[in-house]
Amino acid sequence: MRASGLRQAVPAGLDAHLLKHVIHDWSDADARAILKVCRRAMPAHAKLLLVEGIYPRRVEPSLEAQGATANDVNMLVCTGGRQRSEAEFRELLAAASFQLTRIVPASMGACVIEGVPC
């Protein structure tokens with residue numbers, strides 16, 4: 001399903017919804033809308049799994065931080081989206097009636113961000 005379709009409907013009643021490198025493509029308002037569509041389709045026991053990069057707390061001269069900054073500019077220019085910090089993901093999820101429960105580092109600078117309905 002294309003990301004723009006996520007703003008309309010997703011399959012209902014599943015145990016989990018997985019969005020990989022989707023949310024960073026969207027503005028906060030559009031990302032909230034996508035997450036709210038997911039939340040409406042989810043039973044109380046379900047989990048939301050986002051695979052995204054986490055923007056570092058502060059930009060420093062490390063390759064990881066420079067890469068995140070370059071990706072942030074790319075998202076802003078090309079899609080209107082952006083990279084988000086852990087705190088920003090927490091706020092975004094809360095605005096869509098999710099609670100961020102954990103962040104699991106994965107390969108290639110991405111993390112699995114787990115949320116549950118609240």
Side-chain angles (χ1 to χ4, degrees):
M1 177 179 294
R2 294 184 55 205
S4 59
L6 291 173
R7 288 184 282 171
Q8 298 169 9
V10 296
L14 302 176
D15 292 331
H17 283 86
L18 171 68
L19 302 176
K20 181 177 181 243
H21 298 302
V22 172
I23 297 301
H24 75 265
D25 285 345
W26 299 94
S27 69
D28 287 346
D30 286 332
R32 265 192 311 277
I34 291 167
L35 295 173
K36 285 179 179 181
V37 167
C38 291
R39 175 61 190 97
R40 284 192 298 271
M42 296 172 74
H45 69 275
K47 293 188 177 184
L48 174 70
L49 304 171
L50 304 177
V51 178
E52 296 283 350
I54 302 285
Y55 200 76
R57 291 183 186 189
R58 60 185 201 137
V59 178
E60 53 191 44
S62 71
L63 288 177
E64 179 184 354
Q66 290 174 3
T69 302
N71 196 29
D72 190 35
V73 172
N74 184 44
M75 290 296 98
L76 177 63
V77 171
C78 294
T79 68
R82 64 190 187 88
Q83 295 295 104
R84 293 176 176 87
S85 67
E86 179 179 340
E88 290 168 323
F89 273 111
R90 225 171 260 292
E91 290 173 17
L92 188 63
L93 289 171
S97 299
F98 287 100
Q99 177 183 359
L100 193 154
T101 52
R102 66 181 170 153
I103 296 176
V104 179
S107 64
M108 303 296 287
C111 295
V112 179
I113 303 161
E114 179 185 271
V116 295
C118 59

**OP:** Starting at CG of L48, measure out to CG of L19 and round the result to the nearest 0.5 Å.
**Re:** 6.0 Å

Original post:
Taking the side chain as C-beta and beyond, is there a heavy-atom pair between L93 and Q99 under 4.5 Å?
Top reply: no

Original post:
Do M42 and L14 come close enough that some side-chain heavy atom pair is under 4.5 Å?
Top reply: no

Subject >> CA sep, side-chain torsions, deciding dist, call: D15, K47, side chain to side chain contact (heavy atoms under 4.5 Å, CB included) >> reply: CA-CA 6 Å; D15 292 331; K47 293 188 177 184; over 6 Å; no

Original post:
Should F89 and V104 be counted in the same cluster of Ile, Leu, Val, Met, Phe, Trp and Tyr side chains packed under 4.5 Å apart?
Top reply: no

Original post:
Are V112 and I103 connected in the hydrophobic side-chain network, where two residues link if heavy atoms are under 4.5 Å apart?
Top reply: no

Subject >> Nearest heavy-atom neighbours spanning A46 and P117 >> reply: O-CD, 3.1 Å

**OP:** Would you give the length of the straight line joining atom CH2 of W26 to atom CD1 of I34, rounded to the nearest 0.5 angstrom?
**Re:** 5.0 Å

**OP:** Among L92, V22, I23, find the one that has a side chain to side chain contact (heavy atoms under 4.5 Å, CB included) with L50.
**Re:** I23

Subject >> Interatomic spacing from CZ in R39 to SG in C118 - rounded to 0.5 Å >> reply: 7.5 Å

Subject >> Distance, nearest 0.5 Å, that separates CZ of F98 from NZ of K36 >> reply: 11.5 Å

Subject >> Heavy-atom side-chain contact between E52 and R84 under 4.5 Å >> reply: no

Original post:
If we only count heavy atoms from C-beta on, is the I113 to E86 side-chain gap below 4.5 Å?
Top reply: no

Original post:
Say you draw a straight line from OG of S85 to CZ of R90; how long is it, rounded to the nearest 0.5 Å?
Top reply: 10.0 Å

Original post:
Are the side chain of H17 and the backbone N or O of P11 linked by a donor-acceptor pair below 3.5 Å?
Top reply: yes

